[in-house]
Visitor: 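Below is the structure I would like to discuss, written out as structure tokens.
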Amino acid sequence: MTSTLTPPSVDWAGPARAGTAPRRRTRILALPEARWAAAATALFLLALPLQLTGAPAWTWGPLYALAYVTGGWEPGWEGLKALKDKTLDVDLLMIVAALGAASIGQVMDGALLIVIFATSGALEALATARTADSVRGLLDLAPSTATRLTPDGGEQTVPVEELTVGDTILVRPGERVGADGRVLDGASEVDQATITGEPLPAPKEVGDEVFAGTLNGTGALRVRVERDASDSVIARIVRMVEEASETKAPTQLFIEKVEQRYSLGMVAATLAVFLVPLAFGAELDDSLLRAMTFMIVASPCAVVLATMPPLLSAIANAGRHGVLVKSAVVMERLGQVDTVALDKTGTLTEGTPRVTDVRPLPESGLDESELLMLAAAAEHPSEHPLARAVVDAARERGLDLPATEDFTSAPGVGVQAVVDGRTVAVGAPSRLLDDAESPVVAMAEELEESGRTAVLVVVDGAPAGVLGIADRLRPDAAATVASLTALTGTAPTLLTGDNARAAAHLAAEAGIDDVRAGLLPQDKLSAVKDMESAGRKVMVVGDGVNDAPALAAAHTGIAMGRAGSDLALETADAVIVRDELAAVPTTVALSRRARELVVQNLVIAGVFIAGLVIWDLAGTLPLPLGVAGHEGSTVIVGLNGLRLLRESAWQRAAGAGTS
């Protein structure tokens, strides 16, 4: 076990926490879509009270007109470009619908539609920009310079881009590794959670592989460069995230797929309703009024509004319970999931090592509290994650830690200190123990077989006991796995960069049979792609940089929010803000309930549209009555969708996976 006593400051990392990329944030108003949407919203909010208070039309009319222009010109222009490519874009239909509303006197309704549509586009642009920020920020994990060793023994500080395969670099204690390579000399422990997701630093000796951007412990390492900077694992993660985000199938709400054809048919039918009577001698005004009424009652906007309230209500309800679902498309896709892949560290587990076992040797004369007190006192000056776990365990038991003298730390071995006049060493059994026949060896092996890290405590040169340390399973992990199995019909798969023995033990506790361990980010991505190519709709749940490519490629990606890396949070489709794993199956069940209400609303909207269209074609439907019927159906389906805002909807969803 090693300890980082006084790690040097690393200027390039800025305020970022260990293991995560420095945070880059695109300002909202830096995006043109956001500026246009803000302008349209401000103009609408200025015009609305003037109209409602009975002010003259010349005071609020120009404001509404400007709202139409500022919020509608960009989607309208994009829609016209799509029309040039023989595609009837939904953007253009929304603008036409808004202008149609204005043409029959419903100016405020049309302006509201413009504002909602512009705001939606701005939020989508912001989400895209934030993802790009995180991808670019990931590159900052790797230092900009490295210390290259020259053949004559000198040192050169060079940009990492100038390193070539075969160069030797020096990585001092507390520095980040400058390039992918292999250790030539030295011993240390390296925190490579950004690459593998392992909760504990990995010991590194001669011949071991190290990765650019990972954090060195207290030992100095000489590393032979084996990959160019552009081909490092960190650089490949960036490329994989970008490629997965670009190639992910375009997402559409189900109704948008239907609406494309429906809208084409509606436009053609409206023209027929207008032109056919004219051909038989009907009056122009009558034909125009009938066609306008037909367009209003058959408008696809009613169907869209029938779809959105359940999804938006589900998003709002999930948000109240700590789940951020980034769009209505994501909420709909969540209900389609039939396969789940879970990360281990920080997802199924708490992500922090904790002492699980305290086993004193009978001949030591120590009880559990005394053994833990001596070990914690010796470890107290250390900043190693295992040391912190030992000290935290002692504090949880209310133990008073005596003063420590003559503290020393040896990379890859452990620590030693004088505690109450006794010399206490704490570290790896294989490094502190010379006698392979000692009873403590069997005790350590038993702990390691059960997926724990064994830590030996030696007092005055004699083994005194062993501590078992592990990353603890979340309390709700097993119940979550069972719920996901019930919802999807298939048990989740565990994808982890941790070692196979620890992964298998934890998976058995959680009730998972399919375990894939020792995976690098590209391996996780390949596993997800294999599932997707087999026709599965995969939901990936993770939290780290190493999960980001898989999150981006999956049908739906969910990130654990409390300790999640910036890249994972931005790449994922949804975020569990409160870090409650049980919220994952509940959100899936809520999505399925929303889809059921969408179907109900489509039936209601369809009945209204069919009835009003038949009335307009077979008789004479007054325009005000057509508008009233159209708006009435919208109110009914809207209220139906709002049922998912109730607390009982979340509670029923929470019980869906266990029923």
Side-chain angles (χ1 to χ4, degrees), residues 248-249 251 253-254 257 310-311 314 317-318 321 323 325 328-344 347-349 473-496 503-504 506-517 519 524-542 547 550-551 553-560 572-574 576 580-600 644 649-659:
K248 194 171 183 178
T251 56
L253 290 170
F254 165 76
K257 300 174 185 178
L311 296 174
N317 200 336
H321 293 86
V323 182
V325 180
V329 171
V330 173
M331 180 55 76
E332 186 179 57
R333 289 168 69 90
L334 278 166
Q336 301 167 356
V337 166
D338 57 18
T339 302
V340 179
L342 299 170
D343 173 48
K344 183 179 82 70
T347 301
L348 274 181
T349 69
L473 195 70
R474 290 180 186 270
D476 55 354
T480 297
V481 169
S483 296
L484 289 171
T485 302
L487 284 168
T488 64
T490 307
T493 298
L494 181 63
L495 304 179
T496 178
L506 184 134
E509 286 187 53
I512 298 176
D513 297 324
D514 186 0
V515 181
R516 307 183 193 186
L519 303 182
K524 290 187 176 184
L525 175 61
S526 296
V528 171
K529 285 185 174 179
D530 289 343
M531 296 178 195
E532 294 272 358
S533 62
R536 313 298 293 182
K537 293 182 178 178
V538 183
M539 177 175 70
V540 173
V541 186
D547 300 317
L551 287 168
H555 179 77
T556 308
I558 296 181
M560 303 301 292
D573 300 304
I576 309 298
E580 297 172 352
L581 191 60
V584 174
T586 303
T587 306
V588 172
L590 188 66
S591 169
R592 294 185 176 180
R593 177 57 181 156
R595 286 167 61 86
E596 291 174 3
L597 288 186
V598 165
V599 173
Q600 290 181 16
L644 288 185
W650 180 264
Q651 298 301 330
R652 282 196 298 271
T658 57
S659 59

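The first residue of the sequence shown is numbered 1, and numbering continues consecutively from there.
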Visitor: Does Thr496 reach the side chain of Leu519, with side-chain heavy atoms less than 4.5 Å apart?
Guide: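 SC-SC contact between Thr496 and Leu519 ruled out.
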Visitor: Would you call Leu494 and Lys344 a side-chain contact if the rule is heavy atoms closer than 4.5 Å?
Guide: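 Yes, their side chains come closer than 4.5 Å.
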Visitor: State the CD-CG distance between Gln651 and Leu590, to the nearest 0.5 angstrom.
Guide: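 Between Gln651 CD and Leu590 CG, I get 11.5 Å after rounding to 0.5 Å.
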Visitor: So, taking the atom named CD1 in Ile512 and the one named OG1 in Thr493, what distance separates them when rounded to the nearest 0.5 Å?
Guide: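 Taking CD1 in Ile512 and OG1 in Thr493, the distance rounds to 8.0 Å.
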Visitor: Evaluate the side-chain proximity of Ile558 to Ile576: yes if any heavy-atom separation is below 4.5 Å, no if none is.
Guide: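 Yes - at least one pair of side-chain heavy atoms lies under 4.5 Å apart.
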Visitor: Just checking, is any N or O donor in the side chain of His555 or Glu532 under 3.5 Å from an acceptor N or O on the other one?
Guide: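 Result is no, nothing qualifies.
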Visitor: Please round to the nearest 0.5 Å and tell me the distance separating atom CG of Leu487 and atom CE of Met539.
Guide: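 Taking CG in Leu487 and CE in Met539, the distance rounds to 8.5 Å.
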Visitor: If you define the side chain from C-beta out and look only at heavy atoms, does anything of Glu580 sit under 4.5 Å from Met560?
Guide: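 A side-chain contact is absent here, since even the closest heavy-atom pair is not under 4.5 Å.
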Visitor: Identify the heavy atoms of Ala649 and Asn317 that sit nearest to each other, and give their distance.
Guide: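 It is CB-ND2, 3.9 Å.
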Visitor: Can you tell me how far apart CG (Asp573) and CG (Leu551) are? Round to the nearest 0.5 Å.
Guide: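 Here the rounded value is 8.5 Å.
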Visitor: Do any pairs count as a salt bridge (charged side-chain N to carboxylate O under 4.0 Å, His left out) and have a residue in residues 582-592, sequence neighbours left out, and if so which ones?
Guide: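 Residue pairs with at least one partner in residues 582-592: there are none.
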Visitor: Do Leu506 and Thr349 touch side chain to side chain, with heavy atoms closer than 4.5 Å?
Guide: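 Of all side-chain heavy-atom pairs linking Thr349 with Leu506, at least one is under 4.5 Å.
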Visitor: How long is the gap from CG on Leu342 to CG on Leu348, to the nearest 0.5 Å?
Guide: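 Leu342 CG to Leu348 CG: 5.0 Å, rounded to 0.5 Å.
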Visitor: Any ion pair linking Asp547 and Lys524 (charged N to carboxylate O, less than 4.0 Å)?
Guide: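 The answer is yes: the pair qualifies as a salt bridge.
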Visitor: Between Met331 and Arg595, is any pair of side-chain heavy atoms under 4.5 Å apart?
Guide: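 No, side chains not in contact.
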Visitor: To the nearest 0.5 angstrom, please state how far the NZ atom of Lys537 sits from the OG1 atom of Thr339.
Guide: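 Here the interatomic distance stands at 11.0 Å.
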Visitor: Listed by chain and number, what are the salt bridge (charged side-chain N to carboxylate O under 4.0 Å, His left out) partners of Asp476, not counting sequence neighbours?
Guide: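 Per chain and number, Asp476 pairs via salt bridge (charged side-chain N to carboxylate O under 4.0 Å, His left out) with no residue.
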Visitor: For the side chain to side chain contact (heavy atoms under 4.5 Å, CB included) test, which of Val588, Thr488, Thr556 pairs with Val340?
Guide: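 Of Val588, Thr488, Thr556, side chain to side chain contact (heavy atoms under 4.5 Å, CB included) with Val340 is met by Thr488 alone.
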Visitor: Would you name the heavy atoms of Ala517 and Ala503 that are closest together and state the gap between them?
Guide: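 Here Ala517 and Ala503 meet closest at CB-CB, 3.9 Å.
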Visitor: Closest heavy-atom contact between Pro492 and Thr485?
Guide: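 Minimum heavy-atom separation between Pro492 and Thr485: CD-OG1, 3.3 Å.
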Visitor: With sequence neighbours excluded, what pairs up with Asp514 under the salt bridge (charged side-chain N to carboxylate O under 4.0 Å, His left out) test?
Guide: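 Applying salt bridge (charged side-chain N to carboxylate O under 4.0 Å, His left out) to Asp514 gives Arg516.
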Visitor: For the residue pair Arg333 / Ser591, report whether a side-chain donor-acceptor contact shorter than 3.5 Å exists.
Guide: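 No, because no side-chain N or O of Ser591 sits under 3.5 Å from a partner of the opposite role on Arg333.
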